[in-house]
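A short worksheet on the structure shown next.
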Amino acid sequence: RLRKWQERIRTKDAGERNLQFALSEIDRMASALGVPRSVREVASVIYRRALKEDLIRGRSIEGVATSALYAACRKEGIPRSLEEISEVSRVERKEIGRTYRYISQELGLEMRPVDPKKYVPRFCSELELSEEVQTKANEIIEKTAEEGLLSGKSPTGYAAAAIYAASLLCNEKKTQREVADVAQVTEVTIRNRYQEQIEAMGIHG
Amino acid sequence: MTDPKDTINIENVVASTGIGQELDLQSVAMDLEGADYDPEQFPGLVYRTQNPKSAALIFRSGKIVCTGAKSTDDVHESLRIVFDKLRELQIQVNEDPEIVVQNIVTSADLGRNLNLNAIAIGLGLENIEYEPEQFPGLVYRLDEPEVVALLFGSGKLVITGGKKPEDAEHAVDKIVSRLEDLGLLE
DNA sequence: ACGTTACTTTCCAAAGC
DNA sequence: GCTTTAAAAAGTAACGT
């Protein structure tokens, strides 16, 4: 009898320790990413729900914690790409992606695809581009996405191309390399998306 | 107006069977030309047929998996070749072992571009998976037939998980009517 | 700025770790 | 869960030239 009781305490303590570890990891990663406190709270809620629904079995605590943070950033409208998230996590990109898809499905998070416009303010400020460029980039994204150009394309690459195009149009040119570095995509991707976007916008230049 | 059903093409058929006899894969690997066997890496021996093109995974238990064939007829032809090769090595093989198709992979074309964002919302976010940062296709699981469809912006699609060629046809029909009902196939 | 190769996703069986 | 095999879809990436 005593043994069972001690075991319960042991598991309870272990579970408590694991939860504390997960929450401190979320805090550490959130700080490294510079996201507001509200995002950490949303991530914590998602993590606790995953724990309650027993979704952590067969997965690492770190992987679920990182995925919860990725989901929280998206839910709060300030997405970070898997590439950016993986830079502050000890879990590799592929594992974060598959764990995110799993918890998102199981918890019924009903996450909408990321809107590329959500990346515009952050990328533009890192590039020190004006408000005018941001507005222009948003216009390009809005208009070309309506025409169906966005289907299947990565949101970061799409945003990067629109920002590159907008910087040219507003005479605040940034090179493809500069934009690519901030968005963490290749110049090839920017070139491909840029060509499609300017063609759809009817711009020549 | 091409019927999307007429664009269906079988790309791969996976089937399993067995010769009803245990095998010494080490000696089969020695005698069978072109056999790849690395038990440290994988317990099955890999044997490829050229015509029809396929890959057979042969196990110690005598069970065999055939994959890569473009039709169920090709699966039977490929396995007939594998059975004959084993008989040449003085291995007893049952008369005509039962061959069970486990999975058929099909491609098709809806003939129109798709707005995957609108389709994701229309089909219901709880019924689909669409993560363009990770993969350009929208994943749609059907209950009847029980298959998985990958929808792309080009209007092309992949149907997998079916066991009969008709499964893909029924799936394409359902997807087309579902998208038409939603006004998203235009 | 090309071209090639290779990786992402879905499905399934097999035997063993 | 992983390992191996095959195949398509389209996007992205990393090579070499």
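Chain naming here is simple, since letters A, B, ... match the order of the sequence lines and numbering starts at 1 in each.
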Inset, instruction - Specify the separation, in whole Å, of atom CD1 of B:Ile64 and atom P of C:dA15. - result: 11 Å

Inset, instruction - Using atom CD1 of B:Ile128 as one end and atom C1' of C:dT9 as the other, report the distance to the nearest whole Å. - result: 14 Å

Inset, instruction - Write down the distance separating the P atoms in D:dA8 and C:dC2, rounded off to the nearest Å. - result: 26 Å

Legend entry - Short side-chain to backbone donor-acceptor contact, B:Lys70 and B:Glu11, under 3.5 Å: yes

Legend entry - Gap between atom OG1 of B:Thr7 and atom CG of B:Leu157 - 0.5 Å precision: 7.0 Å

Inset, instruction - Name the nucleic acid region contacted by B:Arg141, choosing base, sugar-phosphate or nothing; use a 4.0 angstrom heavy-atom cut-off, strictly under. - result: sugar-phosphate

Legend entry - A:Glu95-A:Thr99 side chain donor-acceptor pair, cut-off 3.5 Å: yes

Inset, instruction - Please name the residue in the list A:Arg59, A:Lys52, A:Glu53 that meets the side chain to side chain contact (heavy atoms under 4.5 Å, CB included) test with A:Leu55. - result: A:Glu53

Inset, instruction - Provide the distance between the two P atoms, one in D:dC2 and one in C:dT9, to the nearest whole Å. - result: 10 Å

Legend entry - DNA chain C: 5'-proximal contact among B:Val148 and A:Arg191 (nearest heavy atom): A:Arg191

Inset, instruction - Using the rule that two of Ile, Leu, Val, Met, Phe, Trp, Tyr join whenever any of their side-chain heavy atoms come within less than 4.5 Å, decide whether A:Leu82 and A:Met111 are in one cluster. - result: yes

Legend entry - Under 4.0 angstrom between A:Arg59 side-chain N/O and D:dG1 OP1 or OP2: no

Inset, instruction - Please round to the nearest 0.5 Å and tell me the distance separating atom CD1 of A:Ile198 and atom CG of A:Leu169. - result: 9.0 Å

Legend entry - Atom-to-atom span, CD of A:Glu187 to P of C:dC2 - whole angstrom: 13 Å

Inset, instruction - Could you run through nucleotides 4-11 of chain D and give me one letter per nucleotide, 5' to 3': B if any protein heavy atom sits under 4.0 Å from the base, S if only the sugar-phosphate is that close, - if neither? - result: BBBBBBBS

Inset, instruction - Look at A:Arg74 together with B:Glu131 and state whether they make a salt bridge at an N to O cut-off of under 4.0 Å. - result: yes

Legend entry - Contact nearer the 5' end of DNA chain C, comparing A:Arg98 with B:Ser16: A:Arg98

Legend entry - Value rounded to 0.5 Å, distance of CG in B:Asn127 from CD in A:Gln105: 9.0 Å

Inset, instruction - For D:dA10 versus C:dC12, give the span between their P atoms, rounded off to a whole number of Å. - result: 23 Å

Inset, instruction - Could you state the atom-to-atom distance from OH of A:Tyr102 to C1' of C:dT9 in whole Å? - result: 18 Å

Inset, instruction - Determine the contact category for A:Val185: base if any of its heavy atoms lies under 4.0 Å from a base atom, sugar-phosphate if only primed atoms, P, OP1 or OP2 are that close, otherwise nothing. - result: sugar-phosphate

Inset, instruction - Give the rounded distance in Å between these two atoms: OH of B:Tyr140 and P of C:dC11. - result: 15 Å

Legend entry - B:Lys163 side-chain N/O to C:dC12 phosphate OP1/OP2 under 4.0 Å: no

Legend entry - Length of the CG-P vector between B:Asp38 and C:dA15, whole Å: 18 Å

Legend entry - Interatomic distance, B:Ile99 CD1 vs C:dA14 P [rounded to whole Å]: 15 Å

Inset, instruction - Report the distance from atom CG of B:Leu45 to atom P of C:dG16, rounded to the nearest whole Å. - result: 15 Å

Inset, instruction - Answer with base, sugar-phosphate or nothing: what part of the nucleic acid does A:Glu95 contact at a heavy-atom distance below 4.0 Å? - result: nothing

Inset, instruction - Give one of base, sugar-phosphate or nothing for A:Arg101, where a contact means two heavy atoms less than 4.0 Å apart. - result: sugar-phosphate

